[in-house]
Amino acid sequence: MANHEKRRQEDAKKKAKSNTRAKSGAGSKNAGRSHAARRAGASDSPCPVDARCGGCKNLCVPYTKQLIDKQLRIERLFAPLAPDGTISLIKGMKDPYHYRNKVISPFAPGKKLSPRGQDRKAIDSRNRKAADVRGAKGGKGKRPQARYEILTGMYAAGSHELVPTDKCLIENETAKKVVLAVRDIMRKHDVAPYREDTGTGFMRHVVVRVGYTSGEVLVTLVTNSDDFPSSKSFCRELIRLCPAVTTVVQNVNERQTNVILGDKERVLYGPGFILDELCGLSFRISSKSFYQVNATQTEVLYRAAMDLAGFDGTQVAIDAYCGTGTIGLVAAKSGAARVIGVDSVESAIRDARTNARHNGVENAEFVAGDATDFMCELAKEGVLGAESPEEGAQAGGLVVLMDPPRAGSTEEFLRAAAALAPERIVYISCNPETQARDVEFLDSIGYAVVAVQPVDMFPHTDHIECIVALEPVDSLSPDRWGKEGGEEEAPDDEGTPDAEEEAAEEEAPEGDCDGGAADEAPNGEAHDVEVPAADSVDPAIAEEVE
């Protein structure tokens, strides 16, 4: 009896302890849900993974306020360098969603799946090697090893934690459908996703490019091995699910690195490239081509740059950091008598030359080389690589177009550019901070700001594209700077959010921008986005600017 009572008490204690744990666990889960619900409710975000992803951190900020904040940021950077009235309103989009025509999605394994839920069909012996690479070990008559969920989406901000997404508010919708189709085909064909920590698995990324005007779709499958035995059936299935796909490329990257693309490629289906139109020109886009992800805004950006360049058919243009030559070719069609492009990436220069031939542009040439070295050599020679001065800059005015990487240019480049005495320098940048640094240096050696045009290339992010035009100080009249002619008045058709209240109320930024921040109306015309007057700006932001 004593032993029986003792066992009964022990059983009661165990049951009580188990109930306590269950309640605690339920409470934790509920608390987690409540916390997530509070976060979602507090942000009012239209994106369910906004708090985790961080890809478009300003999604919950009204778009008009985003434009104001970016405008104030540009004014804060360039006010000490730009005379009154030279900073134009930012060009924004009418519909700032689904603008990314290039989508990159990584793959990663999720939770483990039991073999019961899988296809138990034996792996054909001729595919055994590929199966080993993909993590699907086993031969004829053997069941495959346990598999994992296949996750695809975006990395959480500041980490390599993959946040699965089936929808995205800034990615092209066709491209997103292709990404999800690739994921589903991977499941069907038992293709294992890449595992970063071990360097195993087969499919690392998919990169999808969509032609904005052509609608053509290029799919690049980035794999961890060259051997892809099921590639033909994989492509057939992809084309069946996504008829818009016109070409598929396999890119091989066997290195354990954060770099997405490897050096080796082969075309699995189609021509290996797509075509798209930009500013009246047709561009051939391959897997490695640099091409702005927001085609609508790219046209806006380039048109604004051409307006600031002021080509009249006599100038020679240097397109520095030219990439695949998009800006230079647009300049060649926009009044430049001759264009010389330079970039250090040889594959980009090959694409630029191909695009020139494809469009029948004969007044543009492209050189592979370091932009700083190229510019210094030109400054030393005094001519633009021509056989005689008459063929060089002395035969007409010179305009320098430059679009350096985020780190900006070098003092050697800028000094050499000024030594060539161009009539205008048009500086395009995706990093206004380094651009302001370089503009300040140009100011110190005799080139002054005459126009600043910000463009919202990437709505819902902090990124801004900005164009700054500079001219030699000697060519500007003294009263242009308010030194002898009194204070300068801003042009009637320009204004900034922190200008006088009247001007701010009358003006609105054009939506005809290039790169992704502005959209075009259905008829192709620019759409003006209204920016409220400065007194409606958040006081905290206004205080920061002051």
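What you see is a predicted model, and the numbers here were worked out from it, not measured in a lab.
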Open item on the list: Classify the ring geometry of Phe458 against His463: parallel below 30°, tilted from 30° to 60°, perpendicular beyond 60°.
Closed with: perpendicular

- [ ] Would you indicate whether Glu440, at its atom CD, is surrounded by more than 12 heavy atoms from other residues, nucleotides or ligands within a distance under 6.0 Å?
- [x] no

TODO: Only pairs at least two apart or in different chains count here, so list each ring pair (Phe, Tyr, Trp, His ring centres under 6.0 Å) that has a residue in residues 323-346.
DONE: none

- [ ] For Lys176 and Lys167, run side chain to side chain contact (heavy atoms under 4.5 Å, CB included): C-alpha distance rounded to whole Å, both residues' side-chain angles, the deciding distance at 0.1 Å, then the answer.
- [x] CA-CA 7 Å; Lys176 191 63 177 179; Lys167 294 182 180 180; 5.7 Å; no

Task: Arg73 with Asp69: basic N within carboxylate O range, under 4.0 Å - done: no

Open item on the list: For the NZ atom on Lys288, are there more than 12 heavy atoms of other groups (residues, nucleotides or ligands in this structure) within a distance under 6.0 Å?
Closed with: yes

Task: Donor + acceptor pair across side chains of Asp276, Thr213 (<3.5 Å) - done: yes

Open item on the list: Tyr447 vs Tyr427, test: ring-ring contact (aromatic ring centres under 6.0 Å, His included). Steps then yes/no.
Closed with: CA-CA 12 Å; Tyr447 274 79; Tyr427 189 152; over 10 Å; no

Task: Minimum side-chain heavy-atom gap Val222-Leu261 below 4.5 Å - done: yes

TODO: Output yes when a side-chain donor or acceptor of Gln315 lies under 3.5 Å from a complementary backbone atom of Gly310, and no otherwise.
DONE: yes

Open item on the list: Return the CG to CD1 distance between Leu218 and Ile274, rounded to the nearest 0.5 Å.
Closed with: 5.5 Å

- [ ] Answer with yes or no whether the side chains of Asp438 and Ser409 bring together a donor and an acceptor at under 3.5 Å.
- [x] no

TODO: Taking Tyr63 for its side chain and Met93 for its backbone only, find out whether a donor-acceptor pair lies under 3.5 Å.
DONE: yes

Open item on the list: Does either side chain, that of Thr410 or that of Thr372, offer a donor lying less than 3.5 Å from an acceptor on the other one?
Closed with: yes

Open item on the list: Can you list everything that forms a salt bridge (Lys or Arg N to Asp or Glu O under 4.0 Å) with Lys57? Sequence neighbours excluded, please.
Closed with: Asp462

- [ ] Give the minimum heavy-atom separation between Val210 and Ala175, together with the two atoms involved.
- [x] CG2-CB, 3.9 Å

Open item on the list: Quick check against the 3.5 Å criterion: does Arg209 have a side-chain atom that pairs as donor or acceptor with the backbone of Ile285?
Closed with: no

Open item on the list: If we ignore hydrogens and angles and just use 3.5 Å, is the side chain of Asn251 paired with the main-chain N or O of Gly262 as donor and acceptor?
Closed with: yes

Open item on the list: Measuring centre to centre across the rings, with the benzene-like ring taken for any Trp, is His358 within less than 6.0 Å of Phe283?
Closed with: no

TODO: Answer with yes or no whether the side chains of Thr296 and Tyr212 bring together a donor and an acceptor at under 3.5 Å.
DONE: yes

